[in-house]
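Down below is the structure, laid out as structure tokens.
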Amino acid sequence: MTKRTPPTHLSWKVGLPVLLVLALGVDGFATHTLTYFQSAALIPLLYSVIVFTIGAVFYSPRPRGERLPDEELPMVSVLIPAHNEENVIAHTLSHMLRLDYPRYEIIVIDDHSSDRTGEILREFPVKVVTRRNLPNRGKSEALNAGLEVAEGDVLCVFDADTEVAPDFLRLAVAPLVQDPEVCGVQAQVRMYNRGVNFLTAGQDDEFALYSEITQVGRERLRGAAALGGNGQLTRRSAIKALGGWSPAALTEDLDLTMRLFLAGRGRIAHCSEAIVWQEGVPDFGALIRQRTRWAEGMLRCWGEFAWPMLISREVPLGLKLDSLYFLGSVFLPSFTVTSLVFSVASFVPGLFTHALPDHVGDMISSALLIATCSWSLVISYKRDRRLDVLPGLRSMVYLLHWIPALTLAMRNVFMDAPVVWEKTEHRGQGLISTTMPVAVGTVAES
């Protein structure tokens, strides 16, 4: 656990209340107390439905286009931050070492590990950057340490609990090679332990029905497709121009996305055919801690970047509006679920004072439920070649965890609590394949 000092130029004290009022305005619709203001607050919800639908239609996990020749592929530096990852790091590196790519290096940043992580790394032919007895640890600090020794033109960031297919880099690098306006690429994320319990299955559903199709939909609308924490690629020149990753950021991926847009470094592409598998969090308490960090990071990014994004002359209008929507999407799971709950409760006579005819609110809430199940059918068929409505139904219950996570995050932000970076524990549950033996090589430490 590492404490950070929030940036002094945060404007969240103005921006966050506005965002909260908009979210409550949408929830007010579900209670049938519609006002003109609440009607305006429905715009983000309507935009979400449009984005989700477009994303579901155009989502495709199948490789597209021809295989790029080796001579056109840039050198890639794979960066893997690792803090106490003895349960998963060997398995991850076995996947990294069998990548079908002509020129790449693997750099593991052993970030203040106190377990067997460092000992395990010596068994693999990778570069190791060892950080010991330094004032701060955390993903941003570790990535910056890796950036200092990276030789590749493209940086690829993986978490320490990652599985990928051998052709991952070939697929993910393609948008950077084919379009000079692309400064970054984000891969599709899935959970390799989705069968462990309800929570891990819910996380796989969440990434498919929310993260994945919103990324595809926003990219199709020329909006703010964003970098994620695992399976992201960026041009090293773009990262260098920004001075690296921000140590104060709780969500370094979102922070980097916004800074790339504001600096006019280009757009971010989403690559559904490149899939990165990671470990879902199996325990409720650990999940709440992780999502509280994510929610707090998004709220702080709203306060830091909303106004600069709005007044920037470097960012096109469509990208501005979509970025503001994206920064506020931390509320989306919460008020989507609570809207449906309120709609069901509205059938109880006299429970709510209805300023809006019952059938109108019930019709729209029913339409949202039907839409979610339809997206579930489309995505499950395209992804796994089966028609399955269960992910859509399951997500309605699973997403309730965002309500306490968002509440805790808002408390931290309003109380000016120190920014705390706390990593997610990886246990190595439900690994898809066994660790592949590799030859022992020289480990370079710095």
Side-chain angles (χ1 to χ4, degrees), residues 1-4 80-92 110-117 136-142 157-163 189-211 228-231 249-254 276-300 330-334 337 391 394-413 417-432:
M1 180 184 298
T2 300
K3 294 186 177 181
R4 298 280 189 267
I80 306 176
H83 171 71
N84 291 342
E85 300 288 6
E86 65 179 4
N87 294 330
V88 292
I89 192 62
H91 185 79
T92 297
D110 180 7
D111 191 25
H112 297 258
S113 295
S114 56
D115 64 356
R116 295 181 57 251
T117 297
N136 293 316
R137 72 167 180 84
K139 192 171 182 179
S140 293
E141 300 273 12
V157 176
F158 288 121
D159 287 341
D161 60 328
T162 296
E163 292 187 0
V189 178
R190 294 201 62 182
M191 307 298 136
Y192 57 63
N193 64 334
R194 62 195 181 280
V196 169
N197 59 28
F198 175 82
L199 292 180
T200 57
Q203 288 161 73
D204 198 48
D205 300 337
E206 180 183 25
F207 272 87
L209 294 177
Y210 291 89
S211 300
N230 196 10
L250 273 176
T251 48
E252 82 296 330
D253 45 2
L254 178 57
V276 55
W277 297 83
Q278 66 184 35
E279 183 180 87
V281 181
D283 299 330
F284 185 75
L287 181 65
I288 292 298
R289 288 192 295 273
Q290 181 193 66
R291 298 314 168 87
T292 299
R293 173 167 60 85
W294 289 7
E296 184 178 347
M298 292 186 73
L299 293 175
R300 292 188 181 278
V330 63
F331 286 103
L332 185 60
S334 296
V337 173
R394 183 168 49 207
S395 67
M396 295 301 164
V397 178
Y398 163 79
L399 289 175
L400 286 170
H401 80 272
W402 275 103
I403 296 176
L406 180 58
T407 301
L408 292 171
M410 291 175 62
R411 180 203 64 181
N412 293 342
V413 171
V419 177
V420 177
W421 191 92
E422 185 176 0
K423 76 173 290 292
T424 303
E425 180 185 359
H426 299 136
R427 303 178 182 179
Q429 288 184 324
L431 298 175
I432 293 176

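All heavy atoms count here, side chains included; hydrogens, waters and symmetry mates do not. No experiment lies behind these values; they were computed from the predicted model shown.
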Considering all heavy atoms of both residues, which atom of [X] and which atom of [Y] are nearest to each other, and what is their separation?
| X | Y | result |
| --- | --- | --- |
| A405 | I288 | CB-O, 4.3 Å |
| G229 | E252 | CA-OE2, 4.0 Å |
| A295 | A409 | CB-CB, 3.7 Å |
| V281 | L287 | CG1-N, 3.5 Å |
| E279 | M191 | C-SD, 4.2 Å |
| N84 | S114 | OD1-N, 2.6 Å |

*asked:* Quick check on side chain to side chain contact (heavy atoms under 4.5 Å, CB included): which of V157, V276, D253 does N230 satisfy it with?
replied: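 When V157, V276, D253 are each tested with N230, the side chain to side chain contact (heavy atoms under 4.5 Å, CB included) holds only for V276.
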*Using the side chain to side chain contact (heavy atoms under 4.5 Å, CB included) rule, pick out the option among L209, D204, D205, L399 that qualifies with R394.*
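So, applying the side chain to side chain contact (heavy atoms under 4.5 Å, CB included) to R394 and each of L209, D204, D205, L399, only D205 qualifies.
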Close side-chain approach of [X] and [Y], heavy atoms under 4.5 Å:
| X | Y | value |
| --- | --- | --- |
| I89 | I80 | yes |
| D111 | E141 | no |
| Y398 | Q203 | yes |
| R190 | F207 | no |

Give, for atom [atom1] of [X] and atom [atom2] of [Y], the distance between the pair rounded to the nearest 0.5 Å.
| X | Y | atom1 | atom2 | result |
| --- | --- | --- | --- | --- |
| R291 | I403 | CZ | CD1 | 14.0 Å |
| H401 | L406 | NE2 | CG | 10.5 Å |
| S211 | E206 | OG | CD | 6.0 Å |
| L408 | R289 | CG | CZ | 11.5 Å |
| Q290 | D283 | CD | CG | 11.5 Å |
| M298 | L250 | CE | CG | 12.5 Å |

*asked:* So does N193 get a backbone contact from the side chain of T200, meaning a donor-acceptor N/O pair under 3.5 Å?
replied: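 Yes, T200 side chain to N193 backbone: donor-acceptor pair under 3.5 Å.
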*Hey, does the side chain of D161 reach the backbone of Q278 with a donor-acceptor pair shorter than 3.5 angstrom?*
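No, the answer is negative, given that no donor and acceptor are paired below the 3.5 Å cut-off.
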_So, using side-chain hydrogen bond (donor to acceptor under 3.5 Å, both in side chains) as the criterion, who are the partners of T92 when residues are at least two apart?_
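In terms of side-chain hydrogen bond (donor to acceptor under 3.5 Å, both in side chains), with neighbours along the sequence ignored, T92 is linked to no residue.
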*Any idea how H91 and Y192 line up, ring-wise: parallel (<30°), tilted (30 to 60°), or perpendicular (>60°)?*
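Rings of H91 and Y192: perpendicular, over 60°.
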